[in-house]
Amino acid sequence: MTQPRETQVLVIGGSLIGLTSSLLLSSLGIEHVLVDRRPHTSDHPRARLYDRRTMELLRRFGVHREVEATGIGDLWTRQNRWIHSLTGPQIAKVPTESFQMASVDYSPSMPVMGAQDLIEETLWKAARVQPTADVRFHTIAEDLEQDADGCSANLRDRDTDQVEQIRARYVVAADGVNSATRELIGCPLDGPTFDVYMQDILFQADLSRWVGNRVGGLLFMLTRYGMGVYQPMDGALRWRVQLPNWDPERGDLPVETARDYIVEAVGVDASELDLEIQSIRPWRFIAGLSKHFSNGRIFLAGDAAHAFIPTGGMGSNTGFSGAHNLIWKLAYTLQGHAPATLLDTYEQEHRPVAEHRVALSIENGQLAANIVRTYMSGGDMAEAERNCHQYGSYEGMIMAYEYESPLCQAETEPPPAVENEHRDFVPVVRGGRRAPHAWLDPHRTVSTLDWFGADYVVMLCPGDQAVQADWRSAVDARRARGFPIRVEPMRHAANTPYADSQAVVVRPDGVVAAHTAADDPRSPTEVLDRYLTTSSAS
């Protein structure tokens, strides 16, 4: 009997989150196989926004510049607009600071509003050349089972129909909102049901003379078909529009109906518009979280774990942050740096973040619709616009979430006061939060965030030399036992959020595990024993 191929991790699904999981596994030296049932990466883009935290992660793989090049640019991403048609009156305009492709002082990265198909291809090209990765498209994982020691599956090549048995220590299922793996492991999606059906239309047209200076990341159109959403895919000729209120019992949306809708939304005679419809895809609003994010050795990631109303780009970005949380823990478990109980903290830390964002995605959809309702009823438009500000302005949400688990120091003091916790962000050193960015060179090319990825890092700030020596000694002791941890001197701490710190212990995912100040009574050994993964203190 042929022995099954053995690997450390099987990744099911090769879209944004599956490919990112592959890149993370490769960066940590973990051998894995990724399979995707499709013949190639996405040809009909859905996800469009890659927020600042996601772009910080993609910076780690060296693909951030290529991803930035797919973006529609600064001018398009400053606001969302509500209009009758491209030639008709404007109803409302709402600023979108978190969409804007612009630099800020608290991050080395900027958000990108670009097309999923281009970005997926970039990730695929990077993932498939990694020496520890075997990336296979047009391949199905069948008969998935698990036992106490690992997982088994049959990989069927859809081109040749050949089957290969595989044995993996763990499985990461990033197989989308209709995840077969989620159902297989008994973790159904739990959340509200929405009888809202959309037709997603990708088309090519030069709309520049009608758009004029009324550019926007999202252009909500009020037509007889309902409130549709125009989305510039390249800031030039490529567009996507979502047609609402299409009864699925009517079958597929005819191309001519799609064309009529676009013509009406532009507000011109059909003879004036040179239009090519490239693809039409139906979908339905789904929101909610899987009952659990794992069962045994099988873990759910991305839309398989949590589904979103597509408002504000929260779905894919929450998937990126979840993979960032999960993959280093899998690697540390596989490499013997931590017990398997470390993996319990994936759901413990990530679920509250996902739950909060799922609720916000639903709320954002209601706020966007409320602008039209307010307009139609003659209500207070200024108030409706203010209430919808959170749709595209949420730096606090994406940058200041705080994990709570045994891996992170619990804070006794409240975080810095801000006017709006959802919108506003103040970088600070706190257990469970992203370690703040600071530039390490005068040319602003190297960030503190570039230190994080594979090891725990102890950032030593200027201070007592004897204390620093104690920290180095404690770190060296763990390195001698094979634990991946190192010291990085924080020489430019004076004008950064690290100014009051003595030492900051940062996890591989860039999250603060612990921090000390000059009057901290804990020794370095005590801090490391408490907040490193369990087996490191043995």
Side-chain angles (χ1 to χ4, degrees), residues 1-47 61 63 116-147 149-185 187 279 281 294-305 319 323 326-327 330-331 334:
M1 181 176 179
T2 304
Q3 290 295 312
R5 171 177 174 178
E6 294 193 1
T7 191
Q8 291 176 292
V9 177
L10 171 63
V11 180
I12 302 175
S15 190
L16 293 169
I17 307 310
L19 290 168
T20 299
S21 297
S22 174
L23 285 166
L24 283 164
L25 288 164
S26 291
S27 73
L28 290 156
I30 299 300
E31 181 185 316
H32 62 284
V33 176
L34 178 148
V35 297
D36 191 290
R37 65 185 302 114
R38 303 170 299 168
H40 48 68
T41 53
S42 297
D43 58 3
H44 185 103
R46 296 186 186 274
F61 308 134
V63 300
Q116 178 180 348
D117 54 340
L118 302 180
I119 292 166
E120 261 191 34
E121 185 176 8
T122 296
L123 296 177
W124 171 76
K125 287 178 178 177
R128 66 193 293 263
V129 298
Q130 303 302 315
T132 59
D134 179 359
V135 176
R136 307 184 192 182
F137 273 60
H138 223 209
T139 302
I140 304 173
E142 299 176 328
D143 307 316
L144 178 63
E145 296 179 348
Q146 64 173 316
D147 54 42
D149 300 317
C151 304
S152 301
N154 292 321
L155 305 186
R156 182 178 299 277
D157 186 313
R158 299 184 72 185
D159 291 321
T160 65
D161 208 37
Q162 290 185 337
V163 174
E164 179 185 21
Q165 292 181 316
I166 192 167
R167 180 80 176 161
R169 296 277 302 280
Y170 293 98
V171 170
V172 175
D175 49 346
V177 69
N178 297 312
S179 169
T181 311
R182 183 180 62 223
E183 300 306 314
L184 177 68
I185 65 174
C187 296
S279 59
R281 301 284 171 82
S294 66
N295 183 328
R297 291 174 171 269
I298 302 173
F299 292 81
L300 303 176
D303 287 351
L326 170 64
I327 298 301
L330 278 174
L334 287 163

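Side chains are part of it too, since the values below use all heavy atoms of this structure and drop only hydrogens, waters and symmetry mates.
- Judged purely by atom type and a 3.5 angstrom limit, Arg156 has no side-chain atom pairing as donor or acceptor with the backbone of His138.
- The pair Asp159-Arg136 does not count as a salt bridge, with every side-chain nitrogen at least 4.0 angstrom from each carboxylate oxygen.
- A donor-acceptor pair is defined here as one N or O able to donate and one able to accept, closer than 3.5 Å; such a pair exists between the side chain of Arg297 and the backbone of Arg169.
- Using a distance-only test at 3.5 Å, with no hydrogens or angles considered, no donor-acceptor pair links the side chain of Ser179 to the main chain of Asp175.
- For Ser21 (side chain) and Leu19 (main-chain N/O), no donor-acceptor pair under 3.5 Å exists by modelled atom type.
- Distance check: Leu334 CG to Gln8 CD gives 5.0 Å after rounding to the nearest 0.5 Å.
- Inter-residue side-chain proximity for Asp36 and Thr139 is flagged as unmet; no heavy-atom pair is nearer than 4.5 Å.
- At a cut-off of 3.5 Å, with distance as the only test, no side-chain donor of His32 or Thr7 sits close to an acceptor on the other residue.
- No option in Ile12, Ile185, Leu326 other than Ile185 meets the side chain to side chain contact (heavy atoms under 4.5 Å, CB included) test with Leu300.
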Audit row: Phe61, Thr20, side chain to side chain contact (heavy atoms under 4.5 Å, CB included) steps and yes/no: CA-CA 9 Å; Phe61 308 134; Thr20 299; 4.1 Å; yes
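- For the pair Ser15/Arg38, a side-chain contact is recorded, criterion being any heavy-atom separation below 4.5 Å from C-beta on.
- Panel note: side chain Gln146, backbone Asn295; a donor-acceptor pair is recorded below 3.5 Å.
- Salt-bridge annotation for Arg167 and Asp147: present, with a side-chain N of the basic residue lying under 4.0 Å from a carboxylate O of the acidic one.
- In this structure the side chain of Leu23 reaches within 4.5 angstrom of the side chain of Leu123, judged on heavy atoms.
- Side-chain contact, Glu120 with Ser42: a donor N or O sits under 3.5 Å from an acceptor N or O.
- Ala133 and Ala127 get closest at one heavy-atom pair: CB-O, 3.6 Å.
- Atom CD of residue Glu145 and atom CD1 of residue Ile298 lie 9.5 Å apart, to the nearest 0.5 angstrom.
- Between Arg37 and Arg158, the closest side-chain pair of non-hydrogen atoms falls below 4.5 Å.
- Between the side chain of Ser27 and the main chain of Leu24, a donor-acceptor pair closer than 3.5 Å is present.
- Rounding to the nearest 0.5 angstrom, the gap separating the OG atom in Ser294 from the CZ atom in Arg182 is 14.0 Å.
- Residues Leu184 and Leu144 have side chains in contact (heavy-atom distance under 4.5 Å, counting atoms from C-beta outward).
- Using a 4.5 Å heavy-atom cutoff, the side chains of Tyr170 and Leu10 are not in contact.
- The side chain to side chain contact (heavy atoms under 4.5 Å, CB included) test with Ile327 singles out one residue from Val9, Leu25, Val11, and that residue is Leu25.
- Panel note: side chain Arg128, backbone Val135; no donor-acceptor pair is recorded below 3.5 Å.
- Between the side chain of Asp303 and the main chain of Val177, no donor-acceptor pair closer than 3.5 Å is present.
- Residues Val172 and Leu330 form a side-chain contact, since some pair of their non-hydrogen atoms from C-beta on lies under 4.5 Å apart.
- Proximity of a side-chain donor or acceptor of Gln116 to a complementary backbone N or O of Pro45 within less than 3.5 Å is not detected.
- Listed for the Ser22 side chain is no donor-acceptor partner under 3.5 Å among the backbone atoms of Gly18.
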Derivation and outcome, side chain to side chain contact (heavy atoms under 4.5 Å, CB included), residues Arg5 and Asp134: CA-CA 12 Å; Arg5 171 177 174 178; Asp134 179 359; 2.6 Å; yes
